[in-house]
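Reviewing the structure listed below.
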Amino acid sequence: MKLIDGKQTAADIRAELKLRTTTFEKKYGKKVGLAVILIGNDPASQVYVRNKIKACEEAGIRSFAHYLPETASEEEALSLIDALSADENVHGILVQLPLPQQLSAEKILAAIPPHKDVDGFLAENIGKLALGEESTVACTPLGVMELLKRYQIPVKGKRAVVLGRSNIVGRPMALLLLNADATVTVCHSKTLSLKEECLRADILVAAIGKPKFVTADMVKEGAVVIDVGINRTEDGKLCGDVDFENVKEKASYITPVPGGIGPMTIAMLLTNVVKAAEKNA
């Protein structure tokens, strides 16, 4: 079993991006810029935003943090997005989810122009991905593909099984694997004979948000296991969707939680920001 180290890979990516942002600054006389909008006071979101701002610094990206209160109206959020859309120093706009109840995430995200959608959540970008065209792709599935590439794990012709069909991970993950010539099965809560489907996988991606759901008897000998889940156990420890200790005995490659896909998600966000800046300069 080989451990896939997302933490180290993400650090390598930030160092590579630093060179690109330095070149950009020399060429255009300004920094690559990311605007982060946090509405409300969700503690987990505050931690994520802090981590993203810190990662921006390491990669040479200027971050503009905007905090709106829990009681913010849709008009306030939309007018802030309008202002950032027009700001030439901002190359990417990120709205931290979840949003307070009175706000429609759909409406607010749709207000971000496609060329500044560094999360890859907009219908236009998802549509391009589905058509196999170049687009900005959601950061978590993009991080998975980057790890497979850097660890030289072949995807072409392999049987890939994705557990979960969310718009943020499962669906774009399936499309990326399909575009890389894998044979893809998407499983979800209504899938019959789930265990049998998982046992066919050469590459198994778990993204369902259920602690230690994937057990060793669901994994084929020598499969590559990618754990996207981040869950807290009753004793407050972090764990993934995969029963790591038992599954690692069967997997050829496996990602840990924490230290696997989590750091890669932020690294790919920064990559999307730098790409957007270079493309639109």
Side-chain angles (χ1 to χ4, degrees), residues 13 17 20-21 24 28 30-40 45 48-49 51-53 55-56 59 61-68 72 74-100 103-146 165-176 179 207 228 261 264-281:
I13 290 169
L17 290 174
R20 283 167 68 181
T21 55
F24 182 91
Y28 299 105
K30 64 177 171 186
K31 277 185 175 291
V32 173
L34 170 67
V36 183
I37 300 171
L38 176 60
I39 306 174
S45 292
Y48 289 140
V49 166
N51 290 344
K52 284 168 184 172
I53 289 171
C56 278
I61 295 169
R62 182 179 175 193
S63 55
F64 303 89
H66 295 270
Y67 301 97
L68 294 179
E74 214 157 74
E75 288 70 33
E76 284 174 273
L78 292 172
S79 80
L80 175 56
I81 290 173
D82 274 352
L84 295 171
S85 301
D87 188 338
E88 289 184 357
N89 294 309
V90 172
H91 301 101
I93 300 170
L94 181 146
V95 177
Q96 184 64 46
L97 301 175
L99 296 175
L103 301 175
S104 153
E106 219 171 305
K107 199 170 171 187
I108 284 168
L109 293 176
I112 298 170
H115 67 282
K116 292 192 181 189
D117 166 36
V118 286
D119 262 329
F121 291 167
L122 283 194
E124 185 172 326
N125 282 321
I126 294 167
K128 282 183 174 175
L129 174 64
L131 293 171
E133 293 175 12
E134 198 191 322
S135 67
T136 305
V137 179
C139 307
T140 301
L142 197 57
V144 172
M145 296 308 287
E146 189 65 25
R165 54 176 168 181
S166 74
N167 292 337
I168 291 173
V169 182
R171 288 171 201 253
M173 187 75 254
L175 289 168
L176 282 168
N179 292 349
V228 177
I261 298 303
M264 287 301 292
T265 298
I266 295 184
M268 298 327 286
L269 167 71
L270 303 179
T271 303
N272 281 348
V273 177
V274 174
K275 262 191 195 160
E278 290 168 344
K279 195 174 169 189
N280 297 307

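Applying the 6.0 Å contact sphere to CD of E133 captures more than 12 heavy atoms from other residues, nucleotides or ligands. Sparse packing is recorded around NZ of K107, with 12 or fewer heavy atoms of other residues, nucleotides or ligands lying under 6.0 Å away.
Counting only heavy atoms from C-beta outward, the side chains of F121 and N167 never approach each other to under 4.5 Å. With a 4.5 Å cut-off on side-chain heavy atoms, D119 and D117 count as touching. Counting only heavy atoms from C-beta outward, the side chains of E74 and S104 approach each other to under 4.5 Å. Annotation: side chain of I108 is in contact with side chain of L78 (closest heavy-atom distance under 4.5 Å). For the pair I261/T265, a side-chain contact is recorded, criterion being any heavy-atom separation below 4.5 Å from C-beta on. L270 has its side chain out of reach of V32: every pair of non-hydrogen atoms, C-beta onward, lies at least 4.5 Å apart. Between E76 and I39, every side-chain heavy-atom pair lies at or beyond the 4.5 Å cut-off.
In this view, L142 and V137, M268, N272 satisfy the side-chain contact (heavy atoms from CB on, under 4.5 Å) rule, not counting sequence neighbours. Remark: F24 pairs with Y28, H91 by the ring pair (Phe, Tyr, Trp, His ring centres under 6.0 Å) rule, at least two apart or across chains.
Sorted by first and then second residue, the salt bridge (Lys or Arg N to Asp or Glu O under 4.0 Å) pairs with a member in residues 268-281 read R20-E278; sequence neighbours excluded.
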- L269 and L34: side-chain contact (heavy atoms from CB on, under 4.5 Å), yes or no, with the steps? CA-CA 10 Å; L269 167 71; L34 170 67; 4.3 Å; yes
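E88 contributes atom CD, which lies 5.0 Å from atom NZ of K30 (distance to the nearest 0.5 angstrom).
Contact detail for G33 and V273: the closest heavy-atom pair is O-CG1, 3.9 Å.
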